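Everything numeric here is computed off the predicted structure, so don't read it as measured data. Order of appearance sets the numbers: ligands from 1, and atoms from 1 within every ligand. Scope of the values below: all heavy atoms of this structure, side chains included, with no hydrogens, waters or symmetry mates.
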Amino acid sequence: MESNVRVRFAPSPTGPLHIGGVRTALYNYLFAKKHQGTFVLRIEDTDQTRYVANAEQYIIDALQWCNIPFDEGPKTDDKFGPYRQSERKEIYKKYVDILINTGWAYYAFDTSEQLDAHRKQHESEGKTFMYNWHNRAKGRLINSLVLSEDEVQQKINAGEKFVIRFKTPQDEILQMEDEIRGKISIDTNTLDDKILCKSDGMPTYHLANVVDDHLMEISHVIRGEEWLPSMPLHVLLYRAFDWKAPKFAHLPLILKPVGKGKLSKRDGDKLGFPVFPLKYRNEKTGDVSRGYKEDGYFVDAFINMLAFLGWNPGTEQELFSLEKLIQEFDLKRVSKSGAKFNPDKTKWFQQQYMQLKSNTALTNLYLPILEEKGIKTEKSYVEKVISLIKERAIFIDDFWGLSAFFFTSPTEFDAKASKKNWKPETGSLMTELINVIESIEDFSSENTETHIKTWITNKEIGFGKVMQPLRLSLVGKLAGPHLFDIIAMIGKEETINRIENAIQKLS
Ligand code: GLU
């Protein structure tokens, strides 16, 4: 069932998508799916000076990895397209003309030198220069609101450069509503007459964004807080066009883990965690930035973590699949205040998802790694290994370090642990142990444990005297899961071989 909820994610392709952008996309996606609506991807590429060629593909790849695909966008052929603003230039022209004709927009000829001089003059008086009715009334501005029609025409004919500005209403308290922040009001006298069309004829973000949201029938604009200052102009543009405005929801900023301010692209490198979903290679500089995917995060852990940066379900529950997030997501539960990014919590989510994954799924991820290492083994054996080491793992890459001894015998022994635990009498004790092991018929974990422990008890020596050297022999260090599980897994012959090897090397 199609509903009339239509939302859009509208990134500018100026570089890789930062996790803040991914969160905006995610909230839009969740909201759309919750309301059986449509999720649109629109590429806002009108600013050619900041355009980065591989950024659009990066955005598309990132959404795909995140499992939050768009319903309409650059690669879909839908009636609301094209979805790249650079392919919609003709459309904007028509709408600028409408605003000029209705008196909501005007030509402005002030050069950047003149505007700079005004700014400096104001600064020297401790004031801020504003391009609006205030300075117009003082005769400081050169635009079609103060010039005669003939003068304007002459300037245009003479090829003078101009921009088109929005005529902000004077003396009005503009009332607005934000789905997250509630009622917001602003005095229009504090607003500049923003540029809608640049001197090269290209629309600015404001104009293209509002025209497209209208033409694409966007019902809810869900975007980052950094766009809140643009909301008054956007609301006024809807009024100027006599269009119904969509509902607005401005998401809280994602803040640095320590200190103040927004989490920036540079924070990740500085603090040692990725700020991008996927690895990114800057084509100009060749610099490579880390990505969550390549760092080994499960996408469901990444998404769960992101969802909680600014939203919570109002209960203690923290683990939510994408389906569950769709069910529970509500703009009313998005917070107004910034959300501090916490790299430890991100790891925590990853660890939780590691435990939630089935042994079979994890085995399928581990098998190629084992193959690369030249290990030939049974799938069912790997599955058992996983069940024994999983709780100590955070990433798939941890598996080998935690389980190598299940597949190969140790090539070296931890020097410190050997020195402390391999005593002069250990060699003969281990030789005796080999005999005990040889006599065990049922090589299950429980049975070998009973036999070996009974033997130790009968010998009236401390458990550590046997257990530590035994662990060293089998693992190479004093780590790993329950020793008798390891013994049962590698089998009698291999257990004995490893003990013999250790006797040779350590005695
Ligand atoms: N192009 C803007 C950006 O890069 C979109 C802002 C909006 O969603 O209106 O984030």
N/O to N/O under 3.5 Å, ligand 1 against protein:
unit_1	atom_1	unit_2	atom_2	d
ligand 1	1 (N)	A10	O	2.8
ligand 1	1 (N)	S12	OG	3.0
ligand 1	1 (N)	E44	OE1	2.6
ligand 1	4 (O)	S12	N	3.3
ligand 1	4 (O)	S12	OG	3.1
ligand 1	8 (O)	R8	NH1	2.7
ligand 1	8 (O)	R8	NH2	3.4
ligand 1	9 (O)	R8	NH2	2.9
ligand 1	9 (O)	Y205	OH	2.8
ligand 1	9 (O)	N209	ND2	3.0
ligand 1	9 (O)	R223	NH1	2.9
ligand 1	10 (O)	W227	NE1	3.4

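- Pairs engaging residues 179-200 under the ring-ring contact (aromatic ring centres under 6.0 Å, His included) rule: none recorded [sequence neighbours left out].
- Inter-residue side-chain proximity for K390 and N359 is flagged as met; some heavy-atom pair is nearer than 4.5 Å.
- The salt bridge (charged side-chain N to carboxylate O under 4.0 Å, His left out) contacts involving residues 200-211 comprise nothing, where partners must be two or more places apart or lie in separate chains.
- Results of the side-chain hydrogen bond (donor to acceptor under 3.5 Å, both in side chains) test with D213 over H234, R8, H220 single out R8 as the only residue that passes.
- Taking the centre and axis of the six-membered ring of F109, the NZ or CZ atom of K155 falls inside the cone set by 45° and 6.0 Å.
- A search for side-chain contact (heavy atoms from CB on, under 4.5 Å) contacts involving E177 returns K183, not counting sequence neighbours.
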